[in-house]
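Atoms considered below: every heavy atom in the structure, side chains included; atoms not considered: hydrogens, waters and symmetry mates. All of these numbers come straight from a predicted model, not from anything done at the bench.
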Amino acid sequence: MAEGYQRLSNYTLTSLQTAYLGEDHLLVIDGRFKERYRRLRYEDIEALLICPTKQGSVMSLLFALAGMALIPASLSTYGEPGFIVILILLAVCWIAFGFGIYGRGSVRFGVKTAVQTVVLEGVNTRRKAARAEERLSNHIEAIQGVLTDPELEAAIQARIDRRKVLREQRLAPPPPVSPPPLQSTPSNPTAS
(Lines give C-alpha, C1' and ligand atoms only; values in the text may rest on other atoms or scores of the structure.)
Protein backbone atom coordinates (compact mmCIF):
# COMPACT_ATOMS: atom_id res chain seq x y z
CA MET A 1 0.00 0.00 0.00
CA ALA A 2 1.11 3.55 -0.65
CA GLU A 3 2.77 5.62 2.04
CA GLY A 4 0.54 7.58 4.38
CA TYR A 5 -1.94 4.75 4.92
CA GLN A 6 -2.33 2.65 8.06
CA ARG A 7 -4.07 -0.72 7.90
CA LEU A 8 -7.37 -0.80 9.81
CA SER A 9 -8.56 -4.29 8.82
CA ASN A 10 -7.22 -7.16 6.76
CA TYR A 11 -8.42 -10.18 4.79
CA THR A 12 -10.27 -12.93 6.66
CA LEU A 13 -10.97 -16.56 5.78
CA THR A 14 -14.29 -15.58 4.21
CA SER A 15 -13.57 -12.06 2.91
CA LEU A 16 -11.19 -10.37 0.51
CA GLN A 17 -11.65 -6.87 1.92
CA THR A 18 -9.08 -4.56 3.47
CA ALA A 19 -9.43 -1.08 4.96
CA TYR A 20 -6.81 1.62 5.39
CA LEU A 21 -6.77 4.91 7.30
CA GLY A 22 -5.58 7.84 5.20
CA GLU A 23 -5.03 11.46 6.19
CA ASP A 24 -8.55 12.62 5.27
CA HIS A 25 -10.39 9.44 4.25
CA LEU A 26 -10.96 5.75 4.93
CA LEU A 27 -10.02 3.57 1.96
CA VAL A 28 -11.90 0.27 1.61
CA ILE A 29 -10.62 -2.20 -1.00
CA ASP A 30 -12.80 -5.17 -2.01
CA GLY A 31 -11.20 -8.05 -3.90
CA ARG A 32 -7.66 -9.12 -4.58
CA PHE A 33 -7.12 -9.45 -8.34
CA LYS A 34 -10.05 -7.31 -9.49
CA GLU A 35 -10.27 -4.59 -6.86
CA ARG A 36 -13.01 -2.10 -6.09
CA TYR A 37 -12.01 1.02 -4.16
CA ARG A 38 -14.26 3.12 -1.93
CA ARG A 39 -13.10 6.33 -0.28
CA LEU A 40 -15.11 7.49 2.72
CA ARG A 41 -14.11 11.00 3.74
CA TYR A 42 -13.91 11.48 7.51
CA GLU A 43 -16.06 14.61 7.30
CA ASP A 44 -18.88 12.57 5.69
CA ILE A 45 -18.93 9.76 8.28
CA GLU A 46 -22.04 10.06 10.47
CA ALA A 47 -21.77 6.95 12.64
CA LEU A 48 -19.73 3.87 13.48
CA LEU A 49 -21.97 0.83 13.81
CA ILE A 50 -21.07 -2.10 16.07
CA CYS A 51 -23.71 -4.84 16.04
CA PRO A 52 -23.04 -7.89 18.25
CA THR A 53 -23.85 -11.24 16.66
CA LYS A 54 -24.32 -14.74 18.04
CA GLN A 55 -22.11 -16.43 15.45
CA GLY A 56 -18.90 -16.34 17.52
CA SER A 57 -20.58 -17.60 20.68
CA VAL A 58 -22.30 -20.45 18.84
CA MET A 59 -19.09 -21.51 17.08
CA SER A 60 -17.12 -21.39 20.36
CA LEU A 61 -19.77 -23.50 22.06
CA LEU A 62 -19.75 -26.04 19.21
CA PHE A 63 -15.95 -26.34 19.34
CA ALA A 64 -16.05 -26.75 23.12
CA LEU A 65 -18.69 -29.49 22.85
CA ALA A 66 -16.73 -31.24 20.10
CA GLY A 67 -13.59 -31.07 22.25
CA MET A 68 -15.44 -32.53 25.21
CA ALA A 69 -16.85 -35.32 23.04
CA LEU A 70 -13.33 -36.19 21.81
CA ILE A 71 -11.90 -36.61 25.34
CA PRO A 72 -13.46 -40.07 25.92
CA ALA A 73 -12.46 -41.12 22.40
CA SER A 74 -8.87 -40.08 23.05
CA LEU A 75 -8.78 -42.02 26.32
CA SER A 76 -10.20 -45.16 24.76
CA THR A 77 -7.74 -45.12 21.83
CA TYR A 78 -4.62 -44.41 23.88
CA GLY A 79 -1.69 -46.31 22.40
CA GLU A 80 -3.51 -47.12 19.14
CA PRO A 81 -2.72 -45.62 15.69
CA GLY A 82 -5.81 -43.35 15.68
CA PHE A 83 -4.83 -41.74 18.97
CA ILE A 84 -2.66 -39.07 17.31
CA VAL A 85 -5.46 -38.07 14.91
CA ILE A 86 -7.97 -37.74 17.75
CA LEU A 87 -5.44 -35.77 19.80
CA ILE A 88 -4.89 -33.35 16.89
CA LEU A 89 -8.66 -32.88 16.46
CA LEU A 90 -8.98 -32.28 20.19
CA ALA A 91 -6.23 -29.64 20.07
CA VAL A 92 -7.85 -27.92 17.08
CA CYS A 93 -11.22 -27.76 18.86
CA TRP A 94 -9.77 -26.29 22.04
CA ILE A 95 -7.60 -23.79 20.14
CA ALA A 96 -10.67 -22.61 18.15
CA PHE A 97 -12.60 -22.32 21.42
CA GLY A 98 -9.71 -20.28 22.88
CA PHE A 99 -9.76 -17.88 19.91
CA GLY A 100 -13.50 -17.40 20.44
CA ILE A 101 -12.94 -16.51 24.09
CA TYR A 102 -9.99 -14.23 23.21
CA GLY A 103 -12.01 -12.33 20.59
CA ARG A 104 -14.79 -11.73 23.18
CA GLY A 105 -17.59 -12.58 20.72
CA SER A 106 -18.41 -11.65 17.15
CA VAL A 107 -19.71 -8.37 15.71
CA ARG A 108 -20.50 -6.68 12.44
CA PHE A 109 -18.68 -3.35 12.20
CA GLY A 110 -19.84 -0.68 9.78
CA VAL A 111 -19.27 2.93 8.80
CA LYS A 112 -22.37 5.00 7.94
CA THR A 113 -22.44 8.07 5.73
CA ALA A 114 -25.46 9.95 4.42
CA VAL A 115 -25.65 7.79 1.29
CA GLN A 116 -24.25 4.39 2.23
CA THR A 117 -23.29 1.98 4.98
CA VAL A 118 -20.06 0.05 4.45
CA VAL A 119 -19.49 -3.09 6.52
CA LEU A 120 -15.82 -3.71 7.31
CA GLU A 121 -15.68 -7.49 7.12
CA GLY A 122 -12.18 -7.77 8.62
CA VAL A 123 -13.42 -6.30 11.90
CA ASN A 124 -15.42 -9.27 13.12
CA THR A 125 -14.70 -9.60 16.87
CA ARG A 126 -15.39 -7.28 19.78
CA ARG A 127 -11.68 -6.91 20.43
CA LYS A 128 -10.97 -5.81 16.84
CA ALA A 129 -14.06 -3.56 16.85
CA ALA A 130 -12.93 -1.72 19.99
CA ARG A 131 -9.49 -1.11 18.46
CA ALA A 132 -10.94 -0.04 15.07
CA GLU A 133 -13.48 2.26 16.75
CA GLU A 134 -10.76 4.00 18.75
CA ARG A 135 -8.44 4.49 15.78
CA LEU A 136 -11.20 5.58 13.39
CA SER A 137 -12.90 7.92 15.85
CA ASN A 138 -9.57 9.69 16.50
CA HIS A 139 -9.30 10.48 12.77
CA ILE A 140 -12.97 11.53 12.53
CA GLU A 141 -12.75 13.80 15.59
CA ALA A 142 -9.60 15.42 14.21
CA ILE A 143 -11.58 16.48 11.12
CA GLN A 144 -15.12 17.01 12.50
CA GLY A 145 -14.26 18.13 16.02
CA VAL A 146 -15.57 16.71 19.28
CA LEU A 147 -19.30 16.83 19.97
CA THR A 148 -20.05 17.99 23.52
CA ASP A 149 -22.81 16.45 25.63
CA PRO A 150 -25.17 19.50 25.37
CA GLU A 151 -24.73 19.59 21.57
CA LEU A 152 -25.45 15.87 21.33
CA GLU A 153 -28.56 16.17 23.52
CA ALA A 154 -29.79 19.13 21.43
CA ALA A 155 -29.29 17.16 18.20
CA ILE A 156 -31.14 14.16 19.60
CA GLN A 157 -34.01 16.35 20.85
CA ALA A 158 -34.26 18.12 17.46
CA ARG A 159 -34.54 14.76 15.73
CA ILE A 160 -37.23 13.61 18.20
CA ASP A 161 -39.18 16.85 17.67
CA ARG A 162 -38.91 16.52 13.88
CA ARG A 163 -40.21 12.92 14.04
CA LYS A 164 -43.13 14.01 16.25
CA VAL A 165 -44.16 16.70 13.77
CA LEU A 166 -43.95 14.26 10.85
CA ARG A 167 -45.97 11.64 12.74
CA GLU A 168 -48.66 14.20 13.65
CA GLN A 169 -48.86 15.34 10.02
CA ARG A 170 -49.20 11.74 8.86
CA LEU A 171 -51.88 10.87 11.44
CA ALA A 172 -53.89 14.09 11.10
CA PRO A 173 -57.11 13.69 9.13
CA PRO A 174 -57.03 15.33 5.73
CA PRO A 175 -58.86 18.65 5.47
CA PRO A 176 -62.42 18.31 4.17
CA VAL A 177 -62.73 18.77 0.46
CA SER A 178 -65.79 20.65 -0.75
CA PRO A 179 -67.32 19.43 -3.99
CA PRO A 180 -66.79 21.62 -7.01
CA PRO A 181 -69.62 24.06 -7.78
CA LEU A 182 -72.28 22.83 -10.18
CA GLN A 183 -71.99 24.20 -13.62
CA SER A 184 -75.20 25.31 -15.21
CA THR A 185 -75.53 24.40 -18.85
CA PRO A 186 -76.68 27.14 -21.18
CA SER A 187 -79.99 26.50 -22.88
CA ASN A 188 -79.81 25.47 -26.49
CA PRO A 189 -81.41 28.18 -28.68
CA THR A 190 -81.95 25.84 -31.61
CA ALA A 191 -84.06 23.43 -29.58
CA SER A 192 -87.70 24.42 -29.42
>> Can you confirm if the aromatic rings of Tyr20 and His25 lie within a centre distance of less than 6.0 Å?
In response: no

Any side-chain heavy atom of [X] within less than 4.5 Å of one from [Y]?
X      : Y      : result
Leu48  : Ile140 : yes
Ile160 : Arg163 : no
Tyr5   : Leu26  : no
Leu90  : Ile71  : yes
Glu133 : Ile50  : yes
Lys128 : Val107 : no
Glu153 : Ile156 : no
Arg162 : Val165 : no

> Under a 4.5 Å side-chain heavy-atom rule over Ile, Leu, Val, Met, Phe, Trp and Tyr, are Leu21 and Val111 clustered together?
Replying inline: yes

>> If hydrophobic clusters are built from ILVMFWY residues whose side chains come within less than 4.5 Å, do Leu27 and Ile143 share one?
In response: no

Using a 3.5 Å distance criterion without hydrogens, assess whether the side chain of [X] forms a donor-acceptor pair with backbone atoms of [Y].
X      : Y      : result
Gln144 : Glu43  : yes
Gln17  : Val119 : yes
Arg108 : Leu49  : no

Distance check, rounded to the nearest 0.5 Å: [X] atom [atom1] versus [Y] atom [atom2]?
X      : Y      : atom1 : atom2 : value
Phe109 : Leu136 : CZ    : CG    : 5.5 Å
Glu46  : Thr117 : CD    : OG1   : 9.0 Å
Ile88  : Cys93  : CD1   : SG    : 12.0 Å
Leu70  : Leu65  : CG    : CG    : 11.0 Å
Asp44  : Lys112 : CG    : NZ    : 11.5 Å
Asp24  : Leu40  : CG    : CG    : 11.5 Å

>> Can you see whether Glu134 engages Asn138 through a side-chain donor-acceptor pair at a distance of less than 3.5 angstrom?
In response: no

> Side chains of Gln116 and Thr113: donor-acceptor distance under 3.5 Å anywhere?
Replying inline: no

Mind listing the closest non-hydrogen atom pair of [X] and [Y] along with its distance?
X     : Y      : value
Ser9  : Val123 : CB-CG2, 3.7 Å
Thr18 : Asn10  : CG2-OD1, 3.5 Å
Pro72 : Ala69  : CD-O, 3.4 Å

>> Go through it in stages, so that I can follow the logic: the residues are Thr53 and Ser106, the test is side chain to side chain donor-acceptor pair (under 3.5 Å), and I'd like the CA-CA distance, side-chain angles, deciding distance and then a yes or no.
In response: CA-CA 5 Å; Thr53 64; Ser106 59; 2.4 Å; yes

